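Written out below as structure tokens is the structure these notes cover.
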Amino acid sequence: TTCGTPQTALTLGVGMTSGLSYFKAPTPQSLTLSTSIAPLTAASAVFNIIPGTAEKLALTGPPGAQPGECVGPFTLITKDSQNFAAPVGANSTIGVAGASAGSFYSDVTCTAPNILTQFTVPAGASSPVHAMYFKDPNIETPSIALSATGFSNTPHSITVIWPDVTQLALSGPSSSTAAICSTSAFTIRTKAATGQIVPVMANLTVTIAGGSAGTFHSDSACASGAISSVVIANASDTGTFYYKGMALETITVAVNAAGKTGATLGHTVAAGSPTQLVFAGSTAITAGDCTSYTSTLKDANQYAAPAST
């Protein structure tokens with residue numbers, strides 16, 4: 001009666017007209033069972049193995065998401081006591097709870113008018129049924145629970161987190177004027193392996209190098225002391241700094257952080273527009289000698305400046 005021992009034959013003793021066997025199918029299916037006793041005509045019957053009564057709610061779907069990302073589909077499967085997919089016997093209202101700061105939606109774009117807090121599975125509906133989508137703005141791990149009268153439920157956890165930062169990107173001005181703070185900032189961005197810009201999960205110290213004769217600063221006037229690093233704060237994806245070059249040259253600015261792929265950017269320090277003409281040469285001249293003198297265009301900070309016209 002427990003179907004514990006497999007049976008391939010049945011013995012009928014002298015005088016017996018029938019024998020009893022038990023059958024168990026591992027999964028719902030249709031199959032044909034047959035018996036035969038030579039030389040008698042064999043007997044067969046078609047059996048339709050169906051699932052039991054639906055009594056469990058199971059939610060399947062992605063195990064994780066990024067904050068603000070619409071993910072799915074999440075699908076409800078109703079199951080019997082043996083965990084086989086089974087249709088519900090009557091219209092069943094399914095409640096959705098545990099989404100924390102997130103919400104379930106009926107559409108793939110997770111738009112506000114389509115938020116789901118419950119839905120109905122019609123009687124006889126096949127599993128899986130009712131696709132849903134999920135979006136959560138926060139970093140957290142909500143445990144989603146479905147509920148319906150007469151059904152048990154196994155919560156489904158969704159880990160909402162940004163992917164790890166693996167690399168840095170650097171952008172900024174291609175040139176600046178010597179002895180003057182760069183007119184725009186150099187910007188560091190943190191990125192995942194896919195190239196997507198993502199925030200750091202803890203303060204990240206980024207070193208800055210390659211300034212040569214110039215200095216890096218945290219303020220747009222370059223009035224603060226020189227710096228060699230910036231800190232990208234927890235939950236941020238951006239750091240900025242400025243540069244003040246003191247020589248006419250081309251430099252390569254490099255940013256790096258422990259465990260991350262760094263980035264570089266070329267930058268040229270040029271003279272400003274010419275504002276004066278400087279005349280240089282010997283002040284003692286011997287009568288009858290031809291003596292050379294140099295006329296040089298310079299900017300306001302005494303850097304040699306090329307003529308613009």
Side-chain angles (χ1 to χ4, degrees), residues 1-8 20-35 43-136 140-161:
T1 60
T2 61
C3 294
T5 304
Q7 183 184 35
T8 59
L20 182 63
S21 295
Y22 297 88
F23 176 76
K24 181 171 72 173
T27 59
Q29 58 187 294
S30 293
L31 48 79
T32 300
L33 298 180
S34 62
T35 61
S44 64
V46 176
F47 290 84
N48 183 29
I49 313 301
I50 62 174
T53 301
E55 58 182 60
K56 297 181 180 181
L57 302 176
L59 185 66
T60 64
Q66 296 180 25
E69 179 187 18
C70 186
V71 295
F74 291 84
T75 305
L76 166 67
I77 301 177
T78 53
K79 296 184 176 182
D80 66 11
S81 61
Q82 302 298 315
N83 290 317
F84 294 120
V88 296
N91 290 352
S92 300
T93 299
I94 312 297
V96 182
S100 190
S103 298
F104 274 97
Y105 300 81
S106 60
D107 68 308
V108 298
T109 58
C110 295
T111 51
N114 300 307
I115 293 177
L116 288 174
T117 56
Q118 66 178 35
F119 56 90
T120 299
V121 177
S126 300
S127 292
V129 296
H130 206 90
M132 302 177 292
Y133 299 84
F134 179 76
K135 183 171 70 173
D136 190 336
E140 57 183 350
T141 304
S143 182
I144 310 303
L146 302 180
S147 61
T149 302
F151 289 83
S152 63
N153 163 71
T154 299
H156 179 90
S157 293
I158 305 172
T159 301
V160 184
I161 193 170

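The chain is numbered in sequence order, starting from 1. Quick caveat, the model's predicted, so the values are computed rather than measured.
- The nearest pair of heavy atoms linking M132 to V96 is SD-CG2, 4.4 Å.
- The line from OG1 of T149 to CD1 of I94 is 9.0 Å long, rounded to the nearest 0.5 Å.
- Using a 4.5 Å heavy-atom threshold, the side chains of S30 and F47 count as separate.
- Distance check: L57 CG to T78 OG1 gives 7.5 Å after rounding to the nearest 0.5 Å.
- Using a 4.5 Å heavy-atom cutoff, the side chains of C70 and V108 are not in contact.
- For the residue pair Y133 and G72, the shortest heavy atom distance occurs at CD2-CA, 3.7 Å.
- Across all their heavy atoms, A54 and P87 have their closest contact at CB-O, 3.5 Å.
- Atom CG of L31 and atom CG of N48 lie 9.0 Å apart (nearest 0.5 Å).
- The closest side-chain heavy-atom distance from L59 to L146 is below 4.5 Å.
- The side chain to side chain contact (heavy atoms under 4.5 Å, CB included) test applied to T120 returns N91, T93, not counting sequence neighbours.
- Annotation: the span from L76 atom CG to H156 atom NE2 amounts to 12.5 Å, rounded to 0.5 Å.
- When every heavy atom of S157 is checked against every heavy atom of T141, the shortest pair comes out as CB-CG2, 4.2 Å.
- Here the closest non-hydrogen pair linking E140 and S100 is OE1-OG, 2.7 Å.
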Can you check side-chain contact (heavy atoms from CB on, under 4.5 Å) on I158 and F134, steps first, answer last?
CA-CA 9 Å; I158 305 172; F134 179 76; 3.8 Å; yes
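- Atom NZ of K79 is separated from atom OG of S152 by 10.5 Å, given to the nearest 0.5 angstrom.
- Counting non-hydrogen atoms of other residues, nucleotides and ligands closer than 6.0 Å to CD1 of I50 gives a total of 12 or fewer.
- Using modelled atom types and a 3.5 Å distance limit, the side chains of K56 and N153 yield no donor-acceptor pair.
- Under the 30°/60° scheme for interplanar angles, the aromatic rings of F104 and F74 are found to stand perpendicular.
- Counting only residues at least two apart or in different chains, ring-ring contact (aromatic ring centres under 6.0 Å, His included) contacts with residues 105-124 comprise F119-H130.
- In terms of modelled atom types and a separation under 3.5 Å, the side chain of Q29 and the main chain of T27 share a donor-acceptor contact.
- Pairing each heavy atom of A86 with each of G52, the nearest pair is CB-O, 3.4 Å.
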